[in-house]
Amino acid sequence: MGLTKQYLRYVASAVFGLIGSQKGNIVFVTLRGEKGRYVAVPACEHVFIWDLRKGEKILILQGLKQEVTCLCPSPDGLHLAVGYEDGSIRIFSLLSGEGNITFNGHKAAITSLKYDQLGGRLASGSKDTDVIIWDVINESGLYRLKGHKDAVTQALFLRERNLLVTSGKDTMVKWWDLDNQHCFKTMVGHRTEVWGLVLVSEEKRLITGAADSELRAWDIAYLQEIDDPEEPEPKKIKGCPGRQDTPEAEDGPLEADEASEDRILSCKKAGSIMREGRDRVVNLTVDKTGRILACHGTDSVLEVFCVLSKAEIQKKMDKKLKKARKKAKLNSASGEEDPETSVSMTLQDEIHRVANIKTSSKIKSFDLIHSPQGELKAVFLLQNNLVELYSLNTSLPTPQPVRTSRITIGGHRSDVRTLSFSSDNIAVLSASADSIKIWNRSTLQCIRTMPCEYALCSFFVPGDRQVVIGTKTGNLQLYDLASGNLLETIAAHDGALWSMSLSPDQRGFVTGGADKAVKFWDFELVTDKNSTQKRLSVRQTRTLQLDEDVLCVSYSPNQKLLAVSLLDCTVKIFYVDTLKFFLSLYGHKLPVICMDISHDGALIVTGSADRNVKIWGLDFGDCHRSLFAHDDSVMYLRFVPKSHLFFTAGKDRKIKQWDADKFEHIQTLEGHHQEIWCLAVSPNGDYVVSASHDKSLRLWERTREPLILEEEREMQREAEYEDSVAKEDQPAVAGETQGDNYFTGKKTIETVKAAERIMEAIELYREETAKMKEHRAICRAAGKEVPLPVNPILMAHGNILPSAYVLETFKGVKSSELEEALLVLPFSYVPDILKLFNEFIQMGSDIELLCRCLFFLLRIHFGQITSNQMLVPVIEKLKETTISKVRQVQDVIGFNMAGLDYLKRECEAKSEVMFFAEATSHLEEKRRKRKNRKKMILTLT
């Protein structure tokens with residue numbers, strides 16, 4: 001049997017033309033010890049790190065498929081937590097750029113990420129209404145907090161206490177006690193969604209932003225401070241097991257003995273700060289020092305407030321009192337003087353407006369950094385694919401914001417509507433509503449940016465020195481690439497110029513527009529008025545008038561025929577020389593948006609808004625096949641040069657490759673997160689570039705890897721199966737209602753595979769122990785040592801024992817997937833695991849990991865383990881060995897801690913000695929200088 005037709009695979013090569021995508025938030029990151037210079041920005045599924053000073057991309061944190069929705073840098077500045085659209089969280093190292101830790105627990109997009117003060121725990125809020133607390137060091141989930149009825153918008157740890165405060169779109173602000181993981185207070189003082197909240201004034205005040213124009217301030221009183229601090233009573237009350245969420249009235253008086261949950265803290269409304277914006281709060285943030293508060297709505301203005309310290313408030317109040325007394329003195333000049341003049345402190349005295357920062361476009365997200373010198377840096381990710389940095393000196397009486405840098409070159413301000421390749425496959429042209437950019441395909445750097453009108457179609461003039469753009473207003477714009485100048489603008493059509501096609505003889509081109517006309521143009525050289533040299537121009541030669549708007553035009557390769565797509569859903573084919581009608585291709589239910597003719601002129605392929613692609617013969621106009629190509633309109637279609645393979649791009653975010661001879665779908669290129677507007681195939685067919693509404697341009701590269709259709713279909717089925725496995729119902733645990741997940745993890749294909757690995761390891765252990773028993777019996781019968789056949793798997797691991805292989809398998813499971821993998825494990829494997837754990841713990845290896853697995857298995861299989869008589873002695877042994885070994889581990893840790901403390905004290909003592917020595921030398925230096933100065937003065941006098 002002969003080989004089937006061979007195809008070559010196209011793979012994603014790069015994402016470019018994107019500065020930052022809208023769904024996530026921008027954050028300052030610390031790199032190379034520098035603060036305020038680098039920012040992390042979401043870029044579709046990746047995260048880009050930009051250098052604001054140079055305007056360069058210096059690091060890409062590679063994502064997988066899902067779009068980034070949330071970013072949060074760790075307090076030590078070494079890591080970045082990234083939340084994705086599918087609910088997964090990855091933690092990247094900013095030094096290596098690798099994402100080593102993955103957390104899967106949420107079912108929907110991540111909306112909020114926050115580290116605690118030390119960076120050991122991470123709180124994640126999601127659209128699935130849950131909050132999960134993750135242990136970053138152990139790489140595992142700690143617990144899930146359920147209570148919100150809509151998406152969580154913000155979650156904050158308190159510094160001094162083990163409490164968490166969260167806000168949601170369900171209008172609630174909830175306080176959680178993390179010691180016993182329950183909600184002890186629900187604030188219901190909002191009538192609309194709570195979009196953000198921050199803690200200021202040493203965590204004594206909470207400020208919330210909702211869907212109206214006021215920022216509400218709440219005073220927090222910690223009642224454990226009011227009571228005797230030595231009294232252990234509040235601790236006990238705080239952990240009452242049967243307590244439910246208790247709503248609290250907006251302005252009602254709160255008494256400690258009335259509401260039991262107020263034993264931890266009470267919240268009273270302190271007032272409101274009015275914003276200038278009338279719409280909802282989009283982002284509300286406070287800088288790390290807690291001094292600068294800033295918020296913005298859906299417009300382009302950031303409002304900056306300053307939270308005054310106690311000393312500053314006291315100063316302000318003294319001034320106010322002085323003024324009031326002066327006024328009272330003047331007023332009482334006629335009457336009797338009132339000795340008691342008092343002034344009340346308002347919220348406006350504590351939080352005052354600093355300035356407004358107006359950006360060049362709508363703000364999507366921002367981040368602040370406040371230096372001790374009083375300079376505030378604010379970085380903005382704007383709606384139009386732009387990053388801007390402003391600085392503001394808050395120490396001045398009337399500070400004025402100054403824009404210090406912006407990143408613009410890396411992308412267009414609006415969607416790219418047309419793409420073209422140069423004839424040498426090196427340059428790529430992309431044009432949008434306001435600019436043309438020329439990119440180097442190999443380096444992905446932008447080499448030219450030229451302003452233009454709203455571009456709809458484009459091509460490189462033969463020779464690649466000029467480009468022609470067709471615009472929405474019906475103009476042709478001719479640009480010179482060397483100088484970047486607009487050479488000429490020609491009014492070509494009365495409506496939008498939808499399509500252009502370069503003639504195969506390369507002497508001219510044809511245009512089609514919304515004015516129902518097809519126009520033929522020739523290139524010519526004209527003498528420029530300003531110089532003696534000739535420059536390129538175009539001249540109209542003929543016009544073909546039609547009855548409907550022209551959507552697309554295409555020359556046949558022999559230049560004998562011209563295909564014209566019309567608004568009446570047909571494609572008309574004319575002879576080029578006489579402009580006589582030849583064929584009409586009808587069959588599409590909606591207008592044909594794109595079409596292309598194959599290199600040999602045998603086939604024409606049309607793509608329509610009815611989601612179908614039709615393949616026609618160009619000799620008789622017969623329809624060879626109609627293919628249902630995309631789930632939405634087919635936006636663009638191009639043949640691969642010198643072949644009958646073609647690419648289609650659709651509004652369903654996919655690019656597909658087809659074979660026009662066999663009518664087969666070859667492969668799908670997935671990556672874009674919004675509808676695709678256009679694509680271009682390079683003249684040698686090795687590269688494809690596509691542009692989408694997500695503002696990104698993507699480069700796809702042809703590899704040398706052959707693509708076998710059967711294998712491709714098999715891989716597709718496997719991917720579908722893996723998705724379905726992950727979406728299956730969670731296994732029910734005793735006492736748990738179905739669908740209500742007690743654990744922090746989520747069943748994924750990785751956890752299922754991990755469970756399978758554990759099961760295989762235990763089966764291997766069972767087989768090998770049985771073989772060893774048999775071998776011993778054979779040796780006894782033979783009266784001599786018989787060689788034992790070694791299992792190849794154990795040999796591959798370095799001739800280890802079967803029990804050691806089981807331990808290696810447990811170690812190989814990712815920490816974040818361990819609980820879910822054990823949850824999937826059938827109970828029949830648990831007795832063997834417990835016996836093995838007893839052996840391992842006695843040997844003293846990996847005590848922490850084994851204890852974690854052991855306690856989890858005991859928790860989920862408690863009933864079956866305790867009712868099994870065979871397992872009672874095993875559990876008893878485990879109890880003894882575990883307690884003694886855990887104590888040993890504790891002792892080692894205690895010893896190490898004491899040693900580290902000692903070293904710390906030694907270092908401090910040394911540094912103090914150094915400090916004093918330096919101070920003494922400085923003092924001596926100053927004295928010496930003073931003496932020298934005196935000597936000089938004396939000699940001068």
Side-chain angles (χ1 to χ4, degrees), residues 22-28 39 70-72 111-114 125 151-156 165-169 171 173 187 189-201 203 205-218 269-308 346-370 376-383 387-392 394 399 401:
Q22 313 299 312
K23 277 195 177 168
N25 58 312
I26 189 169
V27 289
F28 275 111
V39 287
C70 193
L71 300 178
C72 179
T111 51
S112 161
L113 284 173
K114 272 287 180 296
V152 177
T153 54
Q154 186 64 280
L156 298 173
V165 57
T166 61
S167 64
K169 280 168 79 172
T171 76
V173 172
M187 292 162 56
H190 301 87
R191 297 284 168 265
T192 54
E193 298 99 333
V194 183
W195 289 102
L197 81 167
V198 291
L199 289 158
V200 293
S201 308
E203 298 186 341
R205 176 157 291 153
L206 179 75
I207 292 172
T208 58
D212 48 23
S213 57
E214 50 178 302
L215 298 176
R216 292 168 178 77
W218 309 81
K269 193 171 177 189
S272 293
I273 308 158
M274 296 309 290
R275 293 167 45 236
E276 285 179 7
R278 289 279 164 268
D279 46 7
R280 77 172 180 91
V281 171
V282 176
N283 284 309
L284 175 68
T285 307
V286 68
D287 75 311
K288 281 195 175 71
T289 59
R291 186 168 168 76
I292 301 293
L293 171 78
C295 67
H296 72 87
T298 54
D299 52 7
S300 60
V301 177
L302 180 81
E303 298 179 46
V304 184
F305 301 89
C306 183
V307 182
L308 299 181
T346 62
L347 188 66
Q348 276 66 26
D349 292 327
E350 296 176 58
I351 301 171
H352 78 89
R353 186 182 293 276
V354 177
N356 284 357
I357 300 176
K358 179 100 170 72
T359 58
S360 62
S361 179
K362 279 186 183 177
I363 304 168
K364 278 292 170 186
S365 68
F366 74 100
D367 197 19
L368 303 173
I369 201 159
H370 192 225
L376 176 76
K377 281 184 180 177
V379 70
F380 298 92
L381 174 60
L382 304 181
Q383 190 192 27
V387 169
E388 289 188 341
L389 177 71
Y390 286 79
S391 68
L392 185 75
T394 51

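We count residues from 1, following the sequence as given. Note that the structure is predicted; figures quoted are calculated from it, not measured.
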side-chain contact (heavy atoms from CB on, under 4.5 Å) between Y390 and V304, worked out: CA-CA 12 Å; Y390 286 79; V304 184; over 6 Å; no

Residue pair V379, E388: steps toward the side-chain contact (heavy atoms from CB on, under 4.5 Å) verdict: CA-CA 6 Å; V379 70; E388 289 188 341; over 6 Å; no

L199 and L156: CA distance, side-chain angles, deciding distance, side-chain contact (heavy atoms from CB on, under 4.5 Å) verdict: CA-CA 8 Å; L199 289 158; L156 298 173; 4.2 Å; yes

CA sep, side-chain torsions, deciding dist, call: L197, L206, side-chain contact (heavy atoms from CB on, under 4.5 Å): CA-CA 7 Å; L197 81 167; L206 179 75; 3.6 Å; yes

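Nearest approach of L368 to T285, heavy atoms of both residues: CD1-O, 4.3 Å. In terms of heavy-atom proximity, A355 sits nearest to P399 at CB-O, 3.9 Å. What you find for D367 and V27 is that their closest heavy atoms are OD2-CA, 3.4 Å. Residue I357 comes nearest to P401 through the heavy atom pair CG1-CB, 3.8 Å, listed as atom of the first residue, atom of the second, then distance. The two residues A210 and R216 come nearest to each other via the heavy atoms CB-NH1, 3.9 Å. Counting all heavy atoms, side chain and backbone alike, L284 lies closest to G209 at CD2-N, 3.7 Å.
Checked against side chain to side chain donor-acceptor pair (under 3.5 Å), S272 has the following partners two or more places apart in sequence or in another chain: E214. For T208, the side chain to side chain donor-acceptor pair (under 3.5 Å) partners two or more places apart in sequence, or in a different chain, are H190, W218. Listed by chain and number, the residues in a salt bridge (charged side-chain N to carboxylate O under 4.0 Å, His left out) with D287 amount to none (sequence neighbours excluded). The salt bridge (charged side-chain N to carboxylate O under 4.0 Å, His left out) search around E350 returns R205, not counting sequence neighbours. Every residue was checked against the side chain to side chain donor-acceptor pair (under 3.5 Å) condition with S201, not counting sequence neighbours, and none meets it.
Counting heavy atoms from C-beta on, the side chains of V165 and V173 come closer than 4.5 Å. Residues F380 and K364 fail the side-chain proximity criterion, which asks for heavy atoms closer than 4.5 Å. Contact check for T171 versus R191: no side-chain heavy atoms found under the 4.5 Å cut-off. Side-chain contact between V281 and L215 is present, with at least one heavy-atom pair separated by less than 4.5 Å.
A donor-acceptor pair under 3.5 Å is formed between the side chain of Q22 and the backbone N or O of Q383. A distance-only check finds a donor-acceptor pair linking the side chain of T111 to the backbone of G125 [under 3.5 Å]. Looking at T153, its side chain never comes within 3.5 Å of a backbone N or O of K169 through a donor-acceptor pair. A distance-only check finds no donor-acceptor pair linking the side chain of N25 to the backbone of S365 [under 3.5 Å]. Although no hydrogens or angles enter the test, the distance criterion places a donor-acceptor pair under 3.5 Å between the side chain of T359 and the main chain of S300. With hydrogens and angles disregarded, no donor-acceptor distance shorter than 3.5 Å links the side chain of D299 to the backbone of G277.
Atoms OG1 and CZ, on T394 and F305 in that order, are 14.5 Å from each other to the nearest 0.5 Å. Taken to the nearest 0.5 Å, the CZ atom of R291 stands 11.0 Å off from the CG atom of L376. Interatomic distance, I351 CD1 to L293 CG, rounded to the nearest 0.5 Å: 6.5 Å. Annotation: the span from L302 atom CG to K358 atom NZ amounts to 12.0 Å, rounded to 0.5 Å. If you take CD1 on I363 and CD1 on I26, they are separated by 11.5 Å, rounding to the nearest 0.5 Å. To the nearest 0.5 Å, atoms SG (C306) and CD1 (I292) are separated by 4.5 Å.
Two rings, from F366 and H296, have their centers less than 6.0 Å apart.
Listed by first and then second residue, the salt bridge (Lys or Arg N to Asp or Glu O under 4.0 Å) pairs involving residues 272-282 are R275-D279, E276-R353 (not counting sequence neighbours).
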